[in-house]
Amino acid sequence: MTADPKALQHIIQKLSHNFPKPADNIELIRMYAGPGIIWSSGQVHQRHRRVMYPMFSAPQLRVYLPIFQHNVYRMIEMWKTELAACREGRMTTCVYTWLTRLALDIIGEASFDYSFGALNNEGSELFSVYNNMFIDTALYPSKTELLVRSTWKYFPKSVLRLMDFLPLKNVRRIRQIRKAFDKEARKLLRDKDEDFASGNEVKKDLMSLLVRANASENPKNQLSDAEMTAQMGSITIAGHDTTATTLAWLLFELAQSPDWQKRLRDEIRDMRSSVVARGDASFTVEDLDSMTYCMAAIKETLRYHPVAPNVRRVASKDDKIPLQYPVRSRTGELVTEVPVFAGQEMWLSFCAYNRLHQLWGDNADVWDPSRFLDDRICNETGLGLFANLMTFSYGPQSCIGWRFSVMESQAILAEVLESFEFRLACDASDIQRLPSAVMNPGVMAPCVRGNLSAQLPLRVALAD
Ligand code: HEM
């Protein structure tokens, strides 16, 4: 395992072609989502990335701000209705569940012009299959499942392919999810292909743009039908729980830090006054970007609670990994590079990188957004896609949706915090991290001590 900046850069960026994802990791992704962008590697991955990248560019993402906003307004109205029925004017609710449903509706509408119906609990068929999938497939494994899981990395690729057919409860559940995604995605693609072919106005969702971008690609670089279909599961799985979980941790931190909560709310309300004064109804991208306290709190939460704390890679040939911070061996020798051999697996620890004292200072183990307001951060490594963080990974297989996620977080935070006040519903130390399985080795969702399911109960009231 490493968190050393130079080592991470070597493995994940400079020589990433020599350090692919391990075969069992790739196979698990294929089982969940099919042959989409997250599953692919090498030149196939370059093809996926090339076709998909423009859809996640900053100008393109502006189109989605109204989608983020109108979905969060729906959630706010539901909270207000529930609060109106509470005699004390305060309710304890699982904000994690709310946020995951909100993020699912957002990703459905923005990415596929598809309604999961998650927020109003009138879910589509796909929602009922997808709901709770990580709990069903990752938590509470049987003894046989545990045995398979701990040994399958030693199986050759040809055997791994047969995992799909194992008569195990979690494998059956994963198959059910992929089948449901395939069915919906095929239907959506057919409609979008027809729209495109008949010259109808192309909708603005990612999938419609993907159909158009793919059609105008050189035929040898085009994505196949199976690859196109697999993007629906890939984007939903990669983009839904990750953002929702980060936002849940942010509300948890704000619930413990009334001063920060007030500072952010004051900033949002000041901005709202300017929006009203200029005659607008909602925040623009520029408004959101200029809320520096909110942005600092989002960055700090991404640093402190990286939902994908580690990723795995395997060396395809012998190599020497350089170190930025040399270590002293037991014999007193200064080690500046570490040899690895072909087939050796490595864990790249983003959570440890995000807390390196050399980069983040002595209070790296404390949630403190003010580090992003002054010049305290040491920027010498230049790693990371956003705010020097490794949370979205780095290099050719880094997160393609990071801008989407940041803008979505800004939009949701601004609306929710303007209207509501959050307090802890239990002791902060009873909220723990629970690894679920979106990206092997797992998204760190909040849970309450002693209860093995993802949840974050908070006390919510209308803000003064
Ligand atoms: C807080 C939110 C998010 C976090 C922390 C996050 C983190 C990551 C990380 C660490 C990876 C690399 C995984 C690896 O190398 O094994 C990744 C890849 C990916 N993410 Fe995200 N992600 C987030 C949100 C999103 C969103 C909103 C979308 C889409 C709308 C998205 C789409 C993807 C895709 C498609 C990949 C695969 C990219 C490739 O292989 O080229 N992510 N993400």
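Keep in mind that what you see is a predicted model, and the values were worked out from it rather than measured. Values below: every heavy atom of this structure, side chains too, minus hydrogens, waters and symmetry copies. Numbers here are sequence positions counted from 1. Order of appearance sets the numbers: ligands from 1, and atoms from 1 within every ligand.
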Contact summary for Thr292 and Glu267, nearest pair of heavy atoms: N-OE2, 2.8 Å
If the contact criterion is a heavy-atom separation under 4.0 Å, does Ser234 count as touching ligand 1? no
Which ligand 1 atoms, with their elements, are less than 4.0 angstrom from a heavy-atom of Ile107? 30 (C)
Report yes if some N/O of His45 lies less than 3.5 Å from some N/O of ligand 1; otherwise report no. yes
Looking only at distances, please establish whether an N/O atom of ligand 1 is found under 3.5 Å from an N/O atom of Arg49. yes
Taking the six-membered ring of Phe19, is the NZ or CZ of Arg313 close enough (under 6.0 Å from the centre) and on axis enough (within 45°)? no
Checking contacts here: is it the side chain or the backbone of His240 that comes within 4.0 Å of ligand 1, counting heavy atoms only? Could be both or neither. neither
For Ser405, counting its heavy atoms only, list the atoms of ligand 1 lying under 4.0 Å from any of them. 1 (C), 2 (C), 24 (C), 27 (C)
Is Ile37 touching ligand 1 with its side chain, its backbone, both, or neither, if touching means heavy atoms under 4.0 Å apart? both
Which atoms of ligand 1 are found less than 4.0 Å from any heavy atom of Val307? 5 (C)
Is it true that Arg265 and Glu421 have a side-chain N and a carboxylate O under 4.0 angstrom from each other? no
Any N/O of Arg313 closer than 3.5 Å to an N/O of ligand 1? yes
Atoms in ligand 1 with a heavy atom of Gly401 nearer than 4.0 Å: 26 (C), 27 (C), 28 (C), 29 (C), 31 (C), 32 (C)
Any Trp402 heavy atom less than 4.0 Å from ligand 1: no
